[in-house]
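Here is the structure we will look at, set down as structure tokens.
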Amino acid sequence: PVNFNSADPKSAAVSQLYIRQALQTAIDQNGILTNIDKGYGFPIYSPLPPNTPSSISGAVPNPYPFSLSTAKALLTSHGWTEVGGVMTCTSPGTGATNCGTGITQGYTLNFKILWASGTPSLDATFNAEIADWAQIGIQFTSTEDTFNNVIGRCYGGAVFEVCSWGGGWIYAPDYYPSGETLFTPTGSFNPGSYNDPTMTTLINATTFGTAKLTAYATYAAKQLPVLYQPQVTGAGEIIKTEKSSIGFTPNPLENFMPEYLHF
């Protein structure tokens, strides 16, 4: 999640779409998949899972292909100048070439990122992203904590600009990938405090009406209520003689549950 809570001292910056666009454009999803995840996974450009059936949504193209030069140009064209490696607002104001509402002269793009510790691939992913973000002049200070603490702190509202508990998101219990819990103001899992009337209208059309998810997912891809990262797919080996007392091996959530296994 991106933190839109007004208690965050940098909320004025992340509330600017062009800054979120710069952050997303500087995430090299294919590079992460190749170099860190060894090709096991899929790039993600919207809230929809990979291979979402066409019966519920049309295709959602990637609106922000990886390009450090494009990402940096988004900032410099909006009144930012790199000073000592950090983008600094030199053209405050609300015009098309200014830094935006709530951003004053000398404001710097120094952000905080929080993620769950204990997973080497997650550490490597964020360290790669931090390095690329630094190349466009956005500096991140990182903090790691336990999964449970990170979940609590993500809801705290004032200690981060980007937050990750490392567990992703699963649509349950009905598995229909609509967005009412994620991106509506009263959503049960909206730690970034995201609130956009257009998004809410599009989501309501899919839950209180019969609209496909295409318009909602396309809007979410472009508006970036969260930053999208690759979805990693695990790999493992299972001996042929292993059996499961619950009818499938492994279980569909890829959890290791030895109490159900036997030979």
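In what follows, residues are counted from 1 in the order of the sequence shown.
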**Message:** Listing request: all side-chain hydrogen bond (donor to acceptor under 3.5 Å, both in side chains) pairs with a residue in residues 216-227, at least two apart in sequence or in separate chains.
**Reply:**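 Applying side-chain hydrogen bond (donor to acceptor under 3.5 Å, both in side chains) to every pair that reaches into residues 216-227, excluding sequence neighbours, yields Asp196-Tyr219.
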Between [Y] and [X], is there a side-chain heavy-atom distance shorter than 4.5 Å?
X	Y	answer
Leu224	Gln21	yes
Ile27	Trp133	yes
Leu109	Lys10	no

Partner residues of [X] under the side-chain hydrogen bond (donor to acceptor under 3.5 Å, both in side chains) criterion, sequence neighbours left out:
X	value
Asn5	none
Thr201	none
Gln135	Asp132

**Message:** Phe189: which residues meet the ring-ring contact (aromatic ring centres under 6.0 Å, His included) condition with it, sequence neighbours left out?
**Reply:**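 Partners of Phe189 by the ring-ring contact (aromatic ring centres under 6.0 Å, His included) criterion, ordered by chain and then number, come out as Tyr155, Trp165, Trp169.
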**Request:** Could you list the residues that satisfy ring-ring contact (aromatic ring centres under 6.0 Å, His included) with Phe111, not counting sequence neighbours?
**Result:**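 Once residues adjacent in sequence are excluded, the partners of Phe111 under the ring-ring contact (aromatic ring centres under 6.0 Å, His included) criterion are Phe140.
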**Heavy-atom donor-acceptor pair, Gln24 side chain to Tyr228 backbone, under 3.5 Å** =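 Judged by distance alone, yes, a pair lies under 3.5 Å.
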**Request:** Could you tell me which residues satisfy salt bridge (Lys or Arg N to Asp or Glu O under 4.0 Å) with Arg153, sequence neighbours excluded, listed by chain and number?
**Result:**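 Residues passing salt bridge (Lys or Arg N to Asp or Glu O under 4.0 Å) with Arg153: Asp145.
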Could you tell me which residues satisfy side chain to side chain contact (heavy atoms under 4.5 Å, CB included) with [X], sequence neighbours excluded, listed by chain and number?
X	answer
Ser178	Tyr176, Glu180, Thr206, Thr207, Leu213
Pro185	Asn195, Thr200
Ala12	Ile103, Tyr107

**Request:** Output every pair passing ring pair (Phe, Tyr, Trp, His ring centres under 6.0 Å) with a member in residues 44-74, not counting sequence neighbours, ordered by first then second residue.
**Result:**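 Checked against ring pair (Phe, Tyr, Trp, His ring centres under 6.0 Å) - neighbours excluded - no pair reaches residues 44-74.
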Could you tabulate the donor-acceptor pairs under 3.5 Å formed by side-chain atoms of residues 81-98, not counting sequence neighbours?
residue: Thr81; atom: OG1; partner: Thr90; partner atom: OG1; Å: 2.8
residue: Glu82; atom: OE1; partner: Lys72; partner atom: NZ; Å: 2.7
residue: Thr88; atom: OG1; partner: Val86; partner atom: O; Å: 3.2
residue: Thr90; atom: OG1; partner: Gly79; partner atom: O; Å: 3.3
residue: Ser91; atom: OG; partner: Asn98; partner atom: ND2; Å: 2.8
residue: Asn98; atom: OD1; partner: Gly95; partner atom: N; Å: 2.9
residue: Asn98; atom: ND2; partner: Ser91; partner atom: O; Å: 3.4

**Item:** Joint hydrophobic cluster, Ile113 plus Leu227, side-chain heavy atoms closer than 4.5 Å
**Value:**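 In one cluster with Ile113: Leu227, yes.
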**Asked** Would you say the side chains of Asn148 and Thr146 form a donor-acceptor pair under 3.5 Å?
**Response**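 Checked: Asn148/Thr146 side chains show no N/O donor-acceptor pair below 3.5 Å.
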